Amino acid sequence: MRIPIIAGNWKMHNIAEEAVKLVNELKAEVRNTDVKVVICCPFTVLAEVKKAVEGSNIKLGAQNMHWEDKGAYTGEISADMLKDIGVEYVIIGHSERRQYFNETDETVNKKVRKALEKELLPILCVGETLEEREADRTYEVVKSQTLKALENITDEEMKSIVVAYEPVWAIGTGKTASPEDANAVIAYIREVIKEKYGEDISELVPIQYGGSVKAANATEIMNQEDIDGALVGGASLKAEEFLAIVNF
Ligand SMILES: O=C[C@H](O)COP(=O)(O)O
């Protein structure tokens, strides 16, 4: 039985005061105990958010990390640094990082492996661009991204991974994949995982949908059989909106 995970990805939003205010508005009102709730905030407010979520069932996540343990990597953040603050989840391979920061399937794989080695729970993002969708390449792209990200990941490690299917054309655009369509792609990603790891493990892996999830469409999306939660961007910045999604 998979427990759905609803993660808010704040992206590059919220200084400390705003972050703490938002968490305080959220934490008393997260009533749905059938889902795990994660807030993936900027590095600069991780420590404040960690303090603010104490005593609630909201978990802390980061939005990226480096694959090396330490070294001369100016501007980068290691897994140990995240662990030191109390981070549990880390988004890896978000399309914005692939698109704007040269993240490749190879670096995504290195990061997933390092996160697992350090006992962080990766939220691995995969998804096709509009161009790829229009060329009928959605399934080929998500299969390739998934398998490359999972190279050298053991059966045991696979049980700690969360996958997020995020069609790039649906992110921040107000366009969502139809719930049935998102469900079909997610079911396919589960098949890809099954081919590599077997049915028992594939049935354990939560696969989220991300891309313009909001209060108005959350229930329909979450009610799909294969969709195990959501990775929420813009709507996670407004307490009322995010709470409506979490308490769907
Ligand atoms: O990580 C979250 C996704 O990129 C979705 O963002 P969005 O909800 O603003 O479309």
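Atoms within each ligand, like the ligands themselves, are counted from 1 in listed order. Note that these values count all heavy atoms, side chains included, but never hydrogens, waters or copies made by symmetry. This is a predicted model, so every value here is computed, not measured.
At least one N or O atom of Asn9, backbone or side chain, sits closer than 3.5 Å to an N or O atom of ligand 1.
Distances from ligand 1 to the non-hydrogen atoms of Ser212 include at least one value under 4.0 Å. Distances shorter than 4.0 angstrom occur between a heavy atom of Lys11 and an atom of ligand 1.
Closest to atom 8 (O) of ligand 1, if we only count protein heavy atoms, is Gly233 N, 2.9 Å. For atom 3 (C) of ligand 1, the nearest non-hydrogen atom of the protein is Glu166 OE2, 2.8 Å. The nearest heavy-atom contact from the protein to atom 9 (O) of ligand 1 is Gly234 N, 2.8 Å. When hydrogens are left out, the protein atom nearest atom 10 (O) of ligand 1 is Gly172 N, 2.6 Å; that is the closest non-hydrogen contact.
In the displayed structure, Glu18 atom CD is contacted under 6.0 Å by more than 12 heavy atoms of other residues, nucleotides or ligands.
Considering only heavy atoms from C-beta on, Glu128 comes within 4.5 Å of Pro167 through its side chain. Inter-residue side-chain proximity for Leu82 and Phe43 is flagged as met; some heavy-atom pair is nearer than 4.5 Å. For the pair Thr44 and Leu46, the minimum side-chain heavy-atom distance is 4.5 Å or more. Looking only at side-chain heavy atoms (C-beta outward), Glu117 and Glu157 stay at 4.5 Å or farther from each other.
Under a 4.0 Å N-O distance rule, the pair Glu25/Lys21 qualifies as a salt bridge.
Ile189 is not connected to Leu121 by any chain of hydrophobic side-chain contacts under 4.5 Å among Ile, Leu, Val, Met, Phe, Trp and Tyr, and they are in different clusters.
Both the backbone and the side chain of Leu231 come within contact range of ligand 1, each with a heavy atom under 4.0 Å. Counting heavy atoms under 4.0 Å from ligand 1, residue Lys214 does not touch it at all. Counting heavy atoms under 4.0 Å from ligand 1, residue Ala170 touches it through the backbone alone.
Near Gly211, meaning under 4.0 Å from any of its heavy atoms, are these atoms of ligand 1: 5 (C), 10 (O).
Atom CD1 of Ile123 is separated from atom NE2 of His94 by 10.5 Å, given to the nearest 0.5 angstrom.
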